[in-house]
Amino acid sequence: QVQLVESGGGLVQPGGSLRLSCAASGFTLDYYAIGWFRQAPGKEREGVSCISSSDRSTYYADSVKGRFTISRDNAKNTVYLQMNSLKPEDTAVYYCATDGSRSCSGYPDYNRYDYWGQGTQVTVSS
């Protein structure tokens, strides 16, 4: 059974950091590009970042460039999203997902992604 599980969310003050994890089971994560998405209340889901499998190319939304870093540890079958200098507008439920391809060609269109985790809540507030 293909499964993605996010963890690492929580409550953090503005300027703080969190590291989200996306652990895969039922398949080898190394073969697939993984995207991170987020959805704030009342807003559409949006792409945050993506890392390819083929050449480990990375992509970021303009709103998180320079603050977030995506990486993967294939030995642990896990993709990470390091989030620094967090802002209140980063508050959302964060999801990882795959569209079954090795590249990020589908990113940031969330409609092209078939497999999703359950999400982890990130709240940035003082």
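The residues of the chain are indexed from 1 along the displayed sequence.
Partner of Y110 under the side-chain hydrogen bond (donor to acceptor under 3.5 Å, both in side chains) criterion, chosen from E46, E44, Q39: E44.
A donor-acceptor contact under 3.5 angstrom links the side chains of S105 and S103, judged on distance only. No side-chain donor-acceptor contact under 3.5 Å links D30 and T28.
Within a 6.0 Å radius of OH in Y115, other residues, nucleotides and ligands contribute 12 heavy atoms or fewer.
Residues satisfying the salt bridge (Lys or Arg N to Asp or Glu O under 4.0 Å) test with D90, not counting sequence neighbours, are R38, R67. Residues passing the side chain to side chain contact (heavy atoms under 4.5 Å, CB included) test with S21 are S7, T78, Y80, sequence neighbours excluded.
The nearest pair of heavy atoms linking T120 to G8 is OG1-N, 4.2 Å. In plain terms, the two heavy atoms of A33 and S52 that are nearest each other are CB-CA, 3.8 Å.
For the disulfide bond (SG atoms under 2.5 Å apart) condition, the pairs that include at least one residue of residues 5-46, sequence neighbours left out, are C22-C96.
Between F68 and W36, the closest side-chain pair of non-hydrogen atoms is not below 4.5 Å.
F37 and Y94 have their aromatic ring centers separated by at least 6.0 angstrom.
Side-chain heavy atoms closer than 4.5 Å link hydrophobic residues (I, L, V, M, F, W, Y) into clusters, and following such links, even through other members, never connects V79 to V5.
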